[in-house]
Amino acid sequence: MTTTEPADQLKRRAAEAAVGHVRHGQIIGLGTGSTAKYMVLALGDKVRAGLAIKGVPTSTETAELARSQGIELLNHDQAWQIDVAIDGADQVDPQLNLIKGGGGALLREKIVAAAARQFIVVVDASKRVPALGGAFPLPIEVAVFGWRSTERQIQAVSDAFGYGGTVLLREKDGQPFQTEAGNYILDLHVPRIDDPAGFETRLNEIPGVVETGLFVGRTDILIVGTQQGIEVRQAERR
Ligand code: 5RP
């Protein structure tokens, strides 16, 4: 009889494999979410065994976990030379483009990924999709000021791309969810994003859009935890 491992085991498997890429003396971008949590825990084990690294956390939650694991953190205003950033994703397409931001940390996550020499994405097999969109909405971080006007413009851009869909203000406990930067998140529900690069560019041109959860052409290595083990894909170029 074969048993099916829960998604959590697959996340852990991918995260631990990613930590195998970390070298002594490096500066590591620390992602956010349940998969990234396993990466921080695995790094903590290595640090306790003598590995010297410094971390750049993408959220308060990750910073607290990293500190509890004895991982030294760099301040926000230090000039980082991040060697490797490791983070999860909500969706991954065959070109290794991502939707991120399910946890609302997309702004810091994108800044850290962009600052890293190598960006490693860790997911369980359920995150692989033939095209971005559909089951998972695209998170878009927007300034609180004028957000209803920004929302209208996001809808207009989506319509112009032929994606249509609906924009919903993310809420938590009946209140608008606010990111660590004090912004709102608009979740754009569309059936399919055929042109993630063009869509990301156009959305970022809207005043009021702070950043989108589309990570296009940023993944260097994808590590997928599957029932059979791990699968690794290397991007052809960045
Ligand atoms: C947080 C993120 C996460 O990486 C993404 O939501 C995946 O989370 P998880 O590993 O818990 O499935 O982008 O903003």
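Values in this document were obtained by computation on a predicted structure and should not be read as measured data. First listed ligand is number 1; within each ligand, the first listed atom is number 1.
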**Student:** Taking atom types as modelled, is there a side-chain donor on N183 or E141 under 3.5 Å from an acceptor on the other?
**Tutor:**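 The criterion, which ignores hydrogens and geometry beyond distance, is satisfied for E141 and N183.
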
**Student:** Of all heavy-atom pairs between P196 and N97, which one has the smallest distance, and what is that distance?
**Tutor:**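 Smallest interatomic distance, heavy atoms only, reads CG-ND2, 4.1 Å.
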
**Student:** Side chain to side chain donor-acceptor pair (under 3.5 Å) with T212: which residues, sequence neighbours excluded?
**Tutor:**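 With neighbours one apart ignored, the set is empty.
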
**Student:** Apart from F145 itself, what residues make up its hydrophobic cluster, given side-chain heavy atom links below 4.5 Å?
**Tutor:**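 Besides F145, the cluster holds no residue at all.
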
**Student:** Using a side-chain heavy atom cutoff under 4.5 Å and only I, L, V, M, F, W and Y, what cluster partners does L106 have?
**Tutor:**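 For the cluster that includes L106, the remaining residues are F177, I185.
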
**Student:** Can you name the residues that come within less than 4.0 Å of ligand 1, going by heavy atoms only?
**Tutor:**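 Under the 4.0 Å cut-off, ligand 1 touches K11, T32, G33, S34, T35, D87, G88, A89, D90, K100, G101, G102, G103, G104, A105, E109, K127.
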
**Student:** Heavy atoms, side chains only, cut-off 4.5 Å: are Q78 and K54 in contact?
**Tutor:**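 Sidechains of K54 and Q78: no contact.
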
